[in-house]
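Before any comments, here is the structure.
Since this is a predicted model, take the numbers as computed values, not measurements.
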Amino acid sequence: ASDIAAQSLLRNYLTHEIDNELLSIAGGSIPRLDRAGIQSDEDYFEAHKGQGAAQSPLRNIPTSTSVTLLGPAGIVLGQIGGDLNSTEITTHLAVITPERIAKSGDLPFTIEAPGSDFRVLTRTLPSGLGSVVVAQSFEDIDRTLNRLQGLFILIGLVMILFIALASRKVITVGLKP
């Protein structure tokens with residue numbers, strides 16, 4: 001019972017940490033995305049030479065967190081990051097509608113997906129010309145929880161073995177004349 005409680009507390013803690021990371025990324029990226037969008041690798045050397053980072057399109061983020069720019073109709077206009085995940089968030093963006101964005105407000109929510117779920121934060125661009133989806137896969141959390149579960153099973157088996165040996169010793173001592 002304590003291992004289930006520990007896993008639940010750990011999952012809640014890690015989910016809260018993901019939420020903080022999503023809020024941080026969204027807060028710093030939205031003004032830049034609103035002004036310049038997401039730049040593809042092909043456009044990198046051609047466009048925006050000599051412009052500062054604040055006005056140039058966002059090019060990449062080396063993390064498992066992904067930032068996706070959606071147009072007003074919900075079409076993916078660009079995506080960066082998320083290359084460390086085994087599943088891309090773009091295959092699960094159909095559930096993110098303008099109504100869902102308005103309903104979630106500034107709070108992260110979970111998209112259930114086969115394999116690992118995604119924790120998602122959506123924000124409408126200040127210009128109103130689309131929205132930004134910042135997502136983090138639960139893949140790492142699931143892997144951590146599976147390792148923790150294995151550890152708890154191992155500890156449980158060791159404790160059962162210890163209790164069995166102690167019981168055998170008590171019975172042996174108690175049956176001596």
Side-chain angles (χ1 to χ4, degrees), residues 1-30 33 38 40-41 58-70 74 76 78-97 99-123 131-176:
S2 65
D3 59 337
I4 294 172
Q7 281 184 315
S8 177
L9 288 172
L10 181 62
R11 183 172 179 85
N12 287 338
Y13 170 75
L14 293 174
T15 300
H16 180 70
E17 290 301 309
I18 285 177
D19 290 351
N20 288 339
E21 184 179 340
L22 294 176
L23 289 166
S24 173
I25 290 171
S29 301
I30 287 181
L33 288 168
I38 292 178
S40 67
D41 288 335
L58 204 56
R59 184 162 185 258
N60 63 9
I61 55 173
T63 175
S64 60
T65 303
S66 64
V67 178
T68 306
L69 183 61
L70 299 177
V76 175
Q79 178 183 353
I80 55 174
D83 50 331
L84 301 178
N85 297 330
S86 61
T87 306
E88 285 192 26
I89 185 66
T90 54
T91 58
H92 306 291
L93 290 178
V95 299
I96 300 178
T97 61
E99 295 80 26
R100 178 73 188 247
I101 294 171
K103 179 183 172 187
S104 70
D106 286 343
L107 299 175
F109 58 93
T110 301
I111 293 178
E112 295 182 8
S116 294
D117 297 340
F118 285 89
R119 191 71 174 170
V120 175
L121 177 69
T122 58
R123 298 253 173 103
S131 55
V132 175
V133 177
V134 183
Q136 173 74 40
S137 174
F138 273 135
E139 187 174 341
D140 292 334
I141 289 178
D142 292 340
R143 189 177 313 120
T144 300
L145 291 175
N146 286 337
R147 288 179 182 166
L148 182 64
Q149 183 179 18
L151 179 65
F152 282 142
I153 289 171
L154 181 64
I155 290 170
L157 291 174
V158 168
M159 291 305 297
I160 289 172
L161 180 65
F162 177 72
I163 291 170
L165 292 174
S167 298
R168 179 175 164 88
K169 188 68 171 174
V170 167
I171 291 170
T172 305
V173 170
L175 291 177
K176 284 187 179 178

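- Between F118 and F138, the shortest heavy-atom distance links the atoms N-CD1, 4.3 Å.
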Pair L93, L70 - check side chain to side chain contact (heavy atoms under 4.5 Å, CB included), show working.
CA-CA 9 Å; L93 290 178; L70 299 177; 3.9 Å; yes
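- Under the 4.0 Å criterion applied to side-chain N and carboxylate O atoms, D142 and R11 are assigned as salt-bridge partners.
- Of all non-hydrogen atoms in T15 and I141, the two that sit nearest each other are N-CD1, 4.0 Å.
- The structure places OG of S137 at 8.0 Å from CD1 of I18, a figure rounded to the nearest 0.5 Å.
- Contact check for T110 versus V120: no side-chain heavy atoms found under the 4.5 Å cut-off.
- Of all the heavy atoms in S66 and I89, the pair that sits closest is OG-CG2, 3.4 Å.
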When you look at L10 and L148, which way does the side chain to side chain contact (heavy atoms under 4.5 Å, CB included) test go after all the steps?
CA-CA 10 Å; L10 181 62; L148 182 64; 3.6 Å; yes
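- S104 and T122 are linked by a side-chain donor-acceptor pair at a separation below 3.5 angstrom, with hydrogens and angles left out of the test.
- I171 CD1 to K169 NZ: the interatomic distance, rounded to the nearest 0.5 Å, is 12.5 Å.
- Interatomic distance, F162 CZ to L157 CG, rounded to the nearest 0.5 Å: 15.0 Å.
- Across D117 and E112, no two heavy atoms sit closer than the pair OD1-CA, 3.3 Å.
- The line from CZ of F109 to CG of L121 is 8.0 Å long, rounded to the nearest 0.5 Å.
- What you find for D19 and P108 is that their closest heavy atoms are OD1-CB, 3.4 Å.
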Are V132 and V67 close enough, and set up right, to give a side chain to side chain contact (heavy atoms under 4.5 Å, CB included), and what steps lead you there?
CA-CA 7 Å; V132 175; V67 178; 3.8 Å; yes
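- Rounded to the nearest 0.5 angstrom, L165 CG and R168 CZ are separated by 8.5 Å.
- Rounding to the nearest 0.5 Å gives a distance of 8.0 Å between CG of L107 and CG of L23.
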